[in-house]
Amino acid sequence: MSSYGDDADIDGSVTINESSADKDMRVESDGNANMFFVDGGNNKVGIGTGSPSATLHVSSSGDTSLIVEGKQDVALG
C-alpha cells in the first residue's frame, strides 16, 4: 500500500515538474538505481545512467543496450 492510501491508482495523465523547476526524477530497477533518470535542469534523459551527457543517453553493461523495432524502416540521425 502506498503512503497515499488505497486511492493511489492513477486513472488519468500524470505531469511531473509542470512548473519547470530544476528537479530530477529517477526510477530504480532491481539492479540499477538509475534505470530511468530525467535531469530536469539540463533537459536530458538517461537510461541506465544518472548523469546523461546527451538528450537521450543509454548506458548498459550488457551485450545489447538498445533495440529499435518498427513496422517500417527506422532512421537514426
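Keep in mind that this is a model prediction, so the values were computed, not measured.
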### Task
Please name the pair of heavy atoms, one in Ile16 and one in Met25, separated by the smallest distance, quoted to 0.1 Å.
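Minimum heavy-atom separation between Ile16 and Met25: CD1-SD, 3.3 Å.
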
### Query
Hey, any chance Phe37 and Val58 share a hydrophobic cluster, counting ILVMFWY side chains that come within less than 4.5 Å of each other, even indirectly?
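Shared cluster, no.
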
### Task
Using the rule that two of Ile, Leu, Val, Met, Phe, Trp, Tyr join whenever any of their side-chain heavy atoms come within less than 4.5 Å, decide whether Leu56 and Phe36 are in one cluster.
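Leu56 clusters together with Phe36.
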
### Residues that Ser60 engages under side-chain contact (heavy atoms from CB on, under 4.5 Å), provided they are two or more places apart
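Only Ser65 meet the side-chain contact (heavy atoms from CB on, under 4.5 Å) criterion with Ser60.
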
### Message
My understanding is that only residues two or more places apart in sequence, or in another chain, count here; which of them pass side-chain contact (heavy atoms from CB on, under 4.5 Å) with Ser29?
### Response
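side-chain contact (heavy atoms from CB on, under 4.5 Å) list for Ser29, sorted by chain: Asn32, Met35.
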
### Query
Out of curiosity, Asn17 CG to Thr15 OG1, how far, rounded to the nearest 0.5 Å?
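It comes to 10.0 Å.
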
### Message
As an exercise, state the distance from CG of Asn42 to OG of Ser53, rounded to the nearest 0.5 Å.
### Response
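One gets 11.0 Å once the value is rounded to the nearest 0.5 Å.
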
### Thr49 backbone acceptor or donor facing Asn34 side chain under 3.5 Å
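Not a single qualifying donor-acceptor pair exists.
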
### Query
With sequence neighbours left out, which residue pairs that include part of residues 28-49 fulfil the salt bridge (Lys or Arg N to Asp or Glu O under 4.0 Å) condition?
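Every pair satisfying salt bridge (Lys or Arg N to Asp or Glu O under 4.0 Å) with a residue in residues 28-49: Arg26-Glu28.
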
